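Since the structure comes first, as structure tokens, the remarks are kept for the end.
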Amino acid sequence: MNHEMISIPFPENLRKRGFFVLEGIDGSGKSTQFQKLCAWFQSKKLLHTCLIEPKLDGTGKILREKFMDDKQLTAEEELNMILLDRSEDVVQNINPAIEAGKIILMDRYIYSNAVYQGVRLGAAYVLNENIKRQFPFPEKTFLFDLPEEQALERISQRGHAITYFEKISFLTDARKIYLNLIKWDKNIEIINANAPQHMIFEQLQEKMTALLKTQ
Ligand code: TYD
């Protein structure tokens with residue numbers, strides 16, 4: 001299922017300027033760079049909003065607890081809860097920030113959905129559920145790419161309980177779908193996550209500076 005080409009067209013009408021997303025498999029280091037970029041926006045006094053999905057409150061909080069459970073949710077249950085969490089996020093946080101002209105930076109969004117739930121349901125199906133709801137799509141996505149073996153090594157070094165997404169077979173499927181998405185959305189850029197943190201940050205700062213000039 002995960003080798004499929006994504007047959008639906010990309011919804012250019014839903015793309016929003018100033019909307020940036022970091023994506024990647026667990027252990028790719030994107031959350032560290034997310035924190036660094038948010039602090040950098042803050043120091044530059046940029047009008048911005050930094051958001052994480054699943055959210056830390058509402059449906060997202062419940063979902064995060066479910067992910068730690070040994071008993072996996074059914075694919076449909078999982079998808080429905082994630083879509084509900086995302087509608088809350090769009091209504092409460094994302095759309096108001098877009099309307100206020102703020103820069104938005106997100107740690108995971110629709111492409112995490114296409115990948116993580118796409119492993120069981122197919123990426124095109126999951127993307128279509130997001131498009132049907134008219135959720136905004138990012139101007140630019142940075143995809144932190146890393147071989148799954150290295151990602152797993154980093155995950156196991158964290159020393160805390162792992163979720164059912166953090167198994168090697170799942171990470172392998174997930175990475176394949178991420179790389180498939182690059183052919184679907186031309187504004188996804190790969191970041192080599194197998195580099196020192198400070199080098200990745202410098203690279204992101206350069207890329208963001210160029211993007212912010214066009215806003
Ligand atoms: P996160 O806290 O970002 O994990 P990490 O910091 O390890 O990258 O995300 C928690 C989990 O949520 C992650 O394993 C992927 C999953 N997820 C989905 O399954 N579907 C989604 O749509 C999103 C946004 C996240």
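Whatever order the structure lists ligands and atoms in, that order sets their numbers, starting from 1. Values in this document were obtained by computation on a predicted structure and should not be read as measured data. Reckoned from all heavy atoms, side chains included, excluding hydrogens, waters and symmetry mates.
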- Message: Checking a contact table here: which protein heavy atom is nearest atom 25 (C) of ligand 1, and how many Å away?
- Response: Pro54 CD, 3.5 Å
- Those atoms of ligand 1 less than 4.0 Å from some heavy atom in Arg158: 7 (O)
- Atoms of ligand 1 close to Phe165 [distance to a heavy atom under 4.0 angstrom, numbered from 1]: 14 (O), 16 (C), 19 (O)
- Message: Is it the case that the side chains of Asp89 and Tyr109 hold a donor-acceptor pair, with the cut-off being a distance below 3.5 Å and no angle test?
- Response: no
- Message: Which residue and atom name correspond to the protein heavy atom nearest atom 23 (C) of ligand 1, and how close is it?
- Response: Ser112 CB, 3.5 Å
- Item | Pair Glu88-Thr59, side-chain donor/acceptor within less than 3.5 Å | yes
- Query: Got the closest protein heavy atom to atom 12 (O) of ligand 1, with its distance?
  - Reply: Phe67 CE1, 3.3 Å
- Query: If we only count N/O pairs under 3.5 Å, is Tyr116 in contact with ligand 1?
  - Reply: no
- Message: I'd like to know if Glu78 pairs up with Arg120 as an ion pair, taking the criterion as any Lys NZ or Arg NE/NH1/NH2 lying under 4.0 Å from an Asp or Glu carboxylate oxygen.
- Response: yes
- Message: Can you name the atoms of ligand 1, numbered from 1 with element, that are less than 4.0 Å from a heavy atom of Arg64?
- Response: 2 (O)
- Please could you name the atoms of ligand 1 that Glu53 approaches to less than 4.0 Å, counting only its heavy atoms? 24 (C)
- Task: Run the numbers for me: atoms of ligand 1, each under 4.0 Å from some heavy atom of Asp26, listed by number.
- Result: 4 (O), 5 (P), 7 (O), 8 (O), 13 (C), 14 (O)
- Item | Contacting atoms of ligand 1, where contact means under 4.0 angstrom from a heavy atom of Arg86 | 22 (O), 24 (C)
- Query: What protein heavy atom is closest to atom 3 (O) of ligand 1, reported as residue, atom name and distance in Å?
  - Reply: Arg108 NE, 3.0 Å
- Query: Minimum heavy-atom separation for Ala174 to Ile25, with atom names?
  - Reply: CB-CG2, 3.8 Å
- Message: Any donor-acceptor pair under 3.5 Å linking the side-chain atoms of Tyr178 with those of Glu23?
- Response: yes
- Task: Among all protein heavy atoms, pick the one closest to atom 6 (O) of ligand 1 and tell me residue, atom and distance.
- Result: Ser31 OG, 3.2 Å
- Item | N-O pairing of Arg17 and Glu139 below 4.0 Å | no
- Message: Heavy-atom pairs closer than 4.0 Å: do any link ligand 1 to the side chain of Asn113, the backbone, both, or neither?
- Response: both
- What is the ring orientation for Phe67 with Phe165, classed by angle as parallel under 30°, tilted 30 to 60°, or perpendicular over 60°? perpendicular
- Query: So is Lys36 actually on top of Phe201's ring, under 6.0 Å and inside 45° of the axis?
  - Reply: yes
- Query: With respect to Asp26, which candidate in Lys167, Arg154, Glu166 satisfies the side-chain contact (heavy atoms from CB on, under 4.5 Å) definition?
  - Reply: Glu166
- Should you measure from each heavy atom of Gln117, which atoms of ligand 1 turn up under 4.0 Å away? 18 (C), 19 (O), 20 (N), 21 (C), 22 (O)
